[in-house]
Amino acid sequence: MDELRLQKIKEIEQLREKGINPYPYRFEITHKLAEIRGEFDAKLASGEKDENAHLSTAGRVMAIRYHGKSIFFVIQDSTDRLQCYMNISVGDGAFKIFKEHVKVGDFVGVKGFPFRSHTGELSIFAASYEILSKAIRTLPEKWHGLTDKEKIYRQRYIDTIVNKNSFKRFKTRYRIIQMIRDFMNAEEFIEVETPILQFVTGGATAKPFVTHLNVFNLDMYLKIAHELYLKRYVVGGFDGVYEIGKCFRNEGVSYKHNPEFTMLECYKAYADYNDMMVLTEKLITHIIEEVKGTTKITYQGREIDFSRPWKRVKMRDYIKEHLNVDILDDPDEKLLKVLKDHGTLPEIMERGHYIEKLWDLVEDTIVNPTFLMDHPVDISPLAKRHREDPRLTERFEVIVLGNELANAFSELNDPIDQRKRFEAQAALRQAGDEEAQMMDFDFLRALEYGMPPTGGLGIGIDRLVMLATDAPTIKEVIAYPLVRPEKFTSEGLELEEDEEEK
RNA sequence: GACCUGUUAGCUCAGCUGGUAGAGCACUUGACUUUUAAUCAAGGGGCCGCGGGUUCGAAUCCCGCACGGGUCACCA
């Protein structure tokens, strides 16, 4: 039984008996805490005050230091933390109530003026205060914060209250997303939305989530990519579109995979993959530079240089160089033998899978952002054939530290070729490859109406944020990552002590 | 999925080769009008993740389960 919690519940009743609402409705804020610091930090020397500055601010109480007839307490809002000082000048009754009933974790509003204490800390002299919300659970300890990973992922709100770095990391995440919007808008892309619930889903090689639509009594999928609907927008006359949103893949969870993740995709008419490489470099270096202040960053102890231009390597050349096998000209048997020699085998015995496996063997050798170019047609069913070699496509992935950060093509806009590619994928599906792409007749029909030459790009936002915030796992950049459901019982949620017990 | 590892007070953690459950913070009571991990004094708080086994006796040893974390394999 949680004694502290029950004690706090009783306290709320005591406050009400004293005529104090522990959950009032609003409080007028004239200054956020960072604004107070910004305005008065330079102005006030130790021991100085500015009684003419009227401050009204609020936050969560993070620390209290009682000192006889005075109290120091620290409040925190989304911008900063600031010390407040209060003494009996608030009135005997109010002082006593604060001392007895305001605890770490509660929200309070404070009215007063700024001063700097004798020990040099910028503070607010609280001429009055108001309880704004009482907490009935205790926050983690002030010194170590919350370290239990399970609790951090399940109850991120505690983590971000108590761990400043975590709060900052999520602020950075959403600043990055805002920066991407600003960048894309400046490049004259229009932000659009596409359906999450789809009867046919495509645009990537992945297992979808299945759900059920009651009105039509039909199964549906959750989108695995934005791609095919964004291209419909291009067909429909939008010659520059982007979407930032969740995609869902019913696959493994790892330090770089979460079943739902956030992806930016954009499509630019009249552009090819060369144009998209320039755009990609510009966008990503811009973000890294804004967040880190430099293009040479340290990620998990490793140096990564984002300076432009990025290296460009062709998939065929790179694999040939490292494994001495030609993914175009050598027969299946040779590819398979190389894989066997490295002690790995694909789950599905098909050339496209061999090539991907071969790439997996060498991808870790890439550290700095690199354009990996010109993938074989077999593994790129939505990319346009290479203008110089029809066995290849005009495609690139951005690889950083062996991980895929972006994927882009000169988009396939030839409806006849697209149909053939879908048919090849359908054959793989028939053969048991659950990740092979679905035939999308409506998409083919759209292409038949004509899509201009188009460059397309997808960037994994979570992975970009990982790099920009030095986060070791994707769970650290997703506020509420996927974890197994908790078994909830009424235990720990009782409202009063059960006296019948025993 | 495989292997390794963890789960003890609200939080962070001790708890040895099995012998009555510990600390710090938080909480309660008292002192203190410039403290800042405030200090000082006293006090309350535990299904030792859950279930089984071994034993006179289990937080501790063994088995199973649940939920985490790490590494490896596969998908962004």
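Throughout, a chain's letter reflects where its sequence line sits, starting with A, and its residues are numbered from 1.
Remark: A:R65 is not in phosphate contact with B:rU39, judged by side-chain N or O atoms under 4.0 Å from OP1 or OP2. Side-chain N/O atoms of A:K357 include one lying less than 4.0 angstrom from OP1 or OP2 on B:rC74. At B:rG68, one or more side-chain N or O atoms of A:R154 fall inside 4.0 Å of OP1 or OP2 (strictly under the cut-off). Distances shorter than 4.0 Å separate none of the side-chain N or O atoms of A:H67 from OP1 or OP2 on B:rA38. OP1 or OP2 of B:rU12 sits under 4.0 Å from a side-chain N or O of A:T147. In this model, the phosphate group of B:rG10 is not approached by any side-chain N or O of A:R137 to a distance below 4.0 Å at OP1 or OP2. A close approach under 4.0 Å does occur between a side-chain nitrogen or oxygen of A:K103 and OP1 or OP2 of B:rU28. Dashed line: the shortest gap from a side-chain N or O of A:K142 to OP1 or OP2 of B:rA38 is under 4.0 Å. Contact between the side-chain N/O atoms of A:S46 and the OP1/OP2 oxygens of B:rU34 is not found at any separation under 4.0 Å.
Side-chain N/O atoms of A:Y66 and base N/O atoms of B:rU35 include no donor-acceptor pair closer than 3.5 Å. Taking only distance into account, the side chain of A:E150 never meets the base of B:rU7 through a donor-acceptor pair shorter than 3.5 Å. One donor-acceptor pair, N or O on each side, does fall under 3.5 Å between the base of B:rC75 and the side chain of A:H257. For B:rU35, its base sits under 3.5 Å from the side chain of A:S117 at one donor and acceptor pair at least. Under 3.5 Å, the side chain of A:E141 and the base of B:rG24 form at least one donor-acceptor pair of N or O atoms.
As rounded to whole Å, 18 Å separates atom P of B:rA76 from atom CG of A:L401. Rounded to whole angstrom, the span from the CZ atom of A:R463 across to the C1' atom of B:rA76 amounts to 4 Å. Rounded to a whole Å, the CD1 atom of A:I124 is 16 Å from the C1' atom of B:rU34. Computed from coordinates, the A:L146 CG to B:rC25 C1' distance equals 14 Å when rounded to whole Å.
Ring to ring, A:F98 and A:Y129 are close: their centroids are under 6.0 angstrom apart.
Lacking a ring centre under 5.5 Å from that of the base six-membered ring together with a plane angle below 30°, A:W143 does not count as stacked on B:rG24.
In this structure B:rC65 sits in a base pair with B:rG49, meeting the Watson-Crick or G-U test at under 3.5 Å. Look at B:rA26: it lacks any Watson-Crick or wobble partner with both distances under 3.5 angstrom.
Judged by distance alone, the side chains of A:R169 and A:T469 never bring a donor and an acceptor atom under 3.5 Å apart.
Among the heavy atoms of the strands lying under 4.0 Å from A:D148 are primed sugar atoms or P, OP1, OP2 only; no base atom is included.
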